[in-house]
Amino acid sequence: MSKSYLEAGETHCAIGHPKSVFWQWMLTIDHKRIGLMYAAVIFTFFFVAVFVALTMRIELFAPGAQILDGDTFNQAFTLHGVIMIFLFIIPGVPAVFGNIVMPLMIGAKDVSFPRLNWFTFWLYIFGALIALSSLWTGEGFADTGWTFYAPYSLNTNTNVITTLVAAFVLGMASILTGLNFLVTIHRLRAPGMDFFKMPLFVWGIYATAWIQLLATPVVGITLVLAILEKVFGIGIFDPSKGGDPVLFEHLFWIYSHPAVYLMILPAFGIMSEIIPTFSRREVFGYRTIALSSASIAGIGYLVWGHHLFTSGMSDLAKTIFSFLTFFVAIPTGIKFYDWVATMYKGQIHMTTPMLWALGTMVTFVIGGLTGVTIAMIGADIHLQDTYYTVAHFHYAMLGGVVFLLFAGLHYWFPLMFGRMYNEKHAKRAFWFNFIGFNMLWFPMFIAGYLGMPRRYFDYLPEFQIYHQISFFGALVFITGLIYMFTVLISAIKKGEKVGPNHWNATTLEWHLPSAPPPLENHSKVPYVDFRPYEYHHGDPVVKFNYETMQRID
Amino acid sequence: MSHEEHGHEYVPEIATARDGKQYEVQGWQGDFYGGKLGFWLFMLTEVMMFGAMFLTLTYYFSLHHDDFIEASSEFSVLLGGTNTVVLLISALTMGLGLLKMRAGDVKGAKLMIYATMILALVFLAIKGVEWTEDYHDGVFLGLPALQAGNPDSRPLGEILFFGMYFTMTGLHGFHIILGIGLMLWLLKRINAGKVTPEHHILHFNIALYWDLVHLIWVFVFPYFYMIGAGHGH
Amino acid sequence: MLEGFKSQAATFAADVDQALYINLIFSIILAFSVIGPMLYFAWKYRASNVKKEDIENVVHHTGLEITWTLIPTIMMFVLFYYGYTSMRALRTMPDAKNAITINVEGSKWKWRYEYPANANGFVHKVGGAYTKPTMDGHGNVVKNGTMGKSALYVPVGTNIILDMTAPLGDVIHSFYIPAFRMKEDVVPGRITKQWFNATKVGEYDIECAEYCGTDHSYMFSRLVVMPKDKYEAWFNSNADTPKGNYANSGDAVLQRHGCKSCHSIDTDKVLFGPSLKTRRLTKEQVLDVIKNGQNKLGYAMGAMPSGLATGADAEKIAEYVANGMTGTKPASFATCAGCHGEDGKGQYGTAPSLVTYDVDLLRNVLKHGKKGMMGTMPQFPYVTEKEVSAIAEYLNK
Amino acid sequence: MDINTYKAQKSGYYKILGGLLLLTAVTLIQPYMFLENATFGIQLMIGAVKAWLIVMYYMHLKGETLIGWTVGFALALVIFFFAVVMTDVHHFQFKDISYISEQHVSAGEHTQHHEE
Ligand code: HEA
Ligand code: HEA
Ligand code: CUA
Ligand SMILES: [Cu+2]
């Protein structure tokens, strides 16, 4: 049996080949190790942002100032938003699972540009450090909200420039990741694997990579213009100097709307892996799922205006954007129905990843359908910038992307570490998370409909009850999160050892010679002349001799 | 660094289909088309970036039409035009260099790269002259003329125009400097025998990059220098 | 519930609620079309219930696929239609001839309203900041805050057009009346419009729904819908507003213009701007001015030259001035006295007082704003002469 | 690459250079010679032609299907962004009536207004 990629010395390095294990990790260009490092850093940031969220929830427990004053609260939700968006969820699924499993799924030895991958990781760390440095330097962390709207961001004295620079650097990292994945998917698929034989997760990553590549530069340059405006006062977005703040909003959302699909598409990919595997049958409507990813990415570019329904944009533009927005819901719906149909006449194994996936079906459907509510112009004029919107995007991002990220974590855990966690505990943790989450965010739909604006640190007493339910939901949710991570972390060292294909799955990443996989993945590259989810009576059709990667079925 | 030590070398692999047919496996090392595709994708990001800037510029042009024309008429078409021609020729030398490299004439290729670098420096020098003049005329980022709300300031539309001018030509100039750096690196790699007629993806991509830098100028030039040409002054 | 929310008190509120209601029904149907079968399958095909031979690989069913594409698409069109029509109701401005046009200005952190001139040529201007409740250390409210000092008065059953803007140099706000289901951003230097026709007499909350900084949460105001005759009576009187009738005392004026949201008046605490409790300059500020000169206040003298004193001299002067002209007067102060007077209290029109806020200084700061070491103080060009003196008097009390 | 293709390509490069120089010359004289009222449009049109020549021949996009499509897609997006954002500009009304606060007057204020 070959050595696992986690063992000392089993790695390629960007420069030379250092003896020290520490430097082997710092310089590693192995996609799996880079993915693991991303996971470690990203979850650390997640917990920081979660902690900030908790302070916000405490502040909102009752009207009046509790523990934060207005300005600190403003910095708190900015910090929360910036970390969650730029440091956690945008790199999220692609950087972790895109790196770890995507090359395995297409039978590649690594990504196309492994050194670039290494550089990207450190660029990400660099950007993160800049973002955090602004906490302690200058006038304190930015207080603009993660949207940086002009002219507020131009006038405020807080450390906006540093935050903008950080967002720019993180954007670069995201672009380079996307570029690397695009070339990898185009060039390094195993022979025989055409686009319609790729696993659906790869499709998700592929669609996302296009968004990273083509949308991110727009926000990048917008941030640069805002920085120049702040430094030199040339007035690009400042109405008192002839500029136009609404232009900023356009340019910002030209990126940031596609960015939400950048988050969700690879997460949907995870769903498309888990459902067929645990239904033990072929996925329903492979092509429609694959193509709907592509069309969501495509249409996603055309709908940014739905964030500007109350900005003073012309009614015609509002109408067009509203109309186009509805067209995103249709391919998304097709995906959901395909997943449900995949369960039909299958044999459903209710493992932890499956539980997370099905839980997400519930939460994301709520998130998506409430998105449709605010895509209706008249409704959004009422609901824009209220807690209804906030609840919508937490349902979509937390109940969609983050839940699926957790699902993926449970699904690929045995692959990454060659060990299993305790499923009984893991399932219990799921229920804490699921119930806590709904209790945390569902009341906010009602508060928002009744007129509770967002970014308020103090509010009218009428809304207290909703905020209090929400607070207790947050507590349950915390418990669940800590529980879940405890179960997983303790399993890295102590979990029961398992073989390479613990779940009886069909895609290539499960046909490795060992678990955890060796440095250069498959011992031989297989010839792929089969569809990704071929099951026959509940057993994978395709079997390999893991030494020669010849099919033995 | 030697590759052999830790198995980095590309060992061509073969996959066998069920019926015994063999297919070559594409590895990431030495994948010419992959390198080219990656670089094109990178260039698309530049297109989007400058696209967004041109969008901003056009937006303000329609908002402050007359100020833009007025400000543009102050530029020297002569200097800008010269620079256009300089860049044009440098694109040619760069292209010829690549042709020579591919035809096996490494020495000629190097010569052409040197020529390109010199032209790039000429471009920067002329740009420098223009910026210095602007500075002496008091029109420069941070100077009072380009800051609203004081007695010396220009009309708002002109401030925007010049602001965008320095931003965009500055960014373009930065790309030129980067290009010179890349060419120096390319020369180093050629001398070290890492870039050869058989393995010239680096040269190829840097040539593409240079064309992109030229391409951006093709739009920057008329936008800033020509829209006001022929209006007074 | 928010004040007045339930009453759907504007003509179009029902349209919006209808759209939301239809959306809710559709959403429930669609959600159950996914979640229902999912739960059913998860139960019906649970592993212990299905033998391997019974698993079937159904991968395609044209009829079903068309159904679940087509039906939601149709539903989308319906939803779009209702979203669109409710938007038309909200956004189609009535003819200005049959409407009252009121100017609205949102600025950090208050709403102000300006009415057309009435029969006497009097222009009503109403508006000011919301006061926060005072609280003790445990967060219990000691004194209630006020809202509604700034109120928008309108007659019932009449078309009202709001022409909204924010001052240049301010930021974006959003004028939101939840009870009417309407909002639109208020953009500096731009005019945006909204309209409504209130159907019920009563009071309704107005909120700011676009994030605008420190007191975004307190940018409240009140909409007061009055019977037509009462409104007419108010409108044609020259008295100020029924509710927002400010006394012209300095305190009230500061309150009205929202000065207190940036400046503390009774403590030395530096909030957004410096404390306005007298002793107006800190040592650092004085030093900065001595070193760099200053020309921000528009005094007749023009700029104060830089470098009049250096080193220890400058230090001493700064110390002396910052202490409110107490202690021994350094000899070098003579340089300053020429313009600022022996007592440092300034000379009318020439140079500002260094100790107190006199009318002159205030007028200049309010007119031109001030950009200094701490940040930018916005202009308040509409503050009247009378108000300026009231403030000065108040600050010097 | 054999010597004949080399020569052919080289002369191709010179031809394109000629074309580009010619277009540059047109660019430079146009504002003074003809269609003075449409300078902006003409200049950008010439720019587009030049760009096309460079991309097709210097950058060898001709015959690249995959890369060609990606470039086309990116350009289509940029055009869409232009179309939407540019149509939105003229919709806005600028502040020209008397408001509660008087107008902030600074140098060049007039540019705010002449669009109305
Ligand atoms: C992962 C992130 C994510 C995702 C996937 C989505 C998905 C969607 N979002 Fe959301 N959104 C955000 C994150 C996300 N959003 C964020 C972060 C903001 C606020 C940013 C800020 O201001 O700070 C926001 C704000 C936002 C707004 C602006 C609100 C405002 O500020 O006024 C709108 C308006 O149209 C909107 C709409 C939608 C729609 C229509 C979808 C659709 O893609 C949803 C599609 C899914 C479904 C519809 C459900 C499943 C489908 C079926 C069950 C099939 C049948 C159903 C139908 C055919 C209807 N979103
Ligand atoms: C990925 C995106 C993401 C995620 C996952 C979350 C998660 C959460 N967010 Fe989110 N949020 C945003 C993205 C996200 N948020 C964005 C973009 C905004 C808009 C910002 C803006 O307006 O600019 C926002 C705004 C926002 C607001 C609105 C602020 C306002 O408008 O006034 C609130 C209010 O409660 C909130 C709360 C929460 C809470 C309670 C969670 C929770 O779900 C988190 C739950 C978890 C806990 C509560 C657990 C605490 C755990 C610990 C402390 C663990 C200790 C650590 C170890 C053992 C390691 N968020
Ligand atoms: Cu004004 Cu928020
Ligand atoms: Cu969106």
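Only this structure's heavy atoms are used, side chains among them; waters, hydrogens and symmetry mates stay out. Proteins come first, then strands; the chains are lettered A, B, ... in the order of their sequence lines, and each starts at number 1.
With a 4.5 Å cut-off on non-hydrogen atoms, A/Ile175 touches chain B through its side chain but not through its backbone. Of the atoms belonging to A/Pro217, heavy atoms from both backbone and side chain fall under 4.5 Å from chain B. Both the backbone and the side chain of A/Leu179 come within less than 4.5 Å of a heavy atom in chain B. For A/Phe113, the part sitting under 4.5 Å from any heavy atom of chain B is the side chain, from C-beta outward, and nothing else. Contact annotation for B/Tyr59: only side-chain heavy atoms (C-beta onward) come within less than 4.5 Å of a heavy atom of chain A. Residue A/Val111 touches chain B through its backbone alone, counting heavy-atom pairs closer than 4.5 Å. In this structure, chain B has a heavy atom under 4.5 Å from the side chain of A/Leu228, while its backbone stays farther away. Contact of A/Lys524 with chain B is made through backbone and side chain together, with heavy-atom distances under 4.5 Å. Contacts between B/Tyr33 and chain A at a heavy-atom distance below 4.5 Å involve backbone atoms as well as side-chain atoms.
Looking only at atom types and distance, the side chain of A/Ser523 has no donor-acceptor partner in the side chain of A/Glu547 under 3.5 Å away. With 3.5 Å as the limit, one finds no donor-acceptor pair spanning the side chains of B/Tyr209 and B/His175. With hydrogens and angles left out, the side-chain atoms of B/Trp131 and B/Tyr135 include no donor and acceptor closer than 3.5 Å. A side-chain N or O of B/Trp217 and one of B/Thr84 form a donor-acceptor pair less than 3.5 Å apart.
Contacts with chain B were tallied for A/Asn180, A/Leu225, A/Asp110, A/Leu116; A/Leu225 has the most, counting heavy-atom pairs under 4.5 Å. For the set B/Leu171, B/Ile14, B/Leu141, the count of heavy-atom pairs under 4.5 angstrom toward chain A peaks at B/Leu141.
Of all heavy-atom pairs between A/Val183 and B/Leu41, the closest is CG2-CD1, 3.9 Å.
Taking the six-membered ring for Trp and the full ring otherwise, B/Phe32 and B/His199 have centroids separated by 6.0 Å or more.
Between A/Lys32 and A/Asp30 there is a salt bridge, since a side-chain N of the basic residue sits under 4.0 Å from a carboxylate O of the acidic one.
Counting non-hydrogen atoms of other residues, nucleotides and ligands closer than 6.0 Å to NZ of A/Lys543 gives a total above 12.
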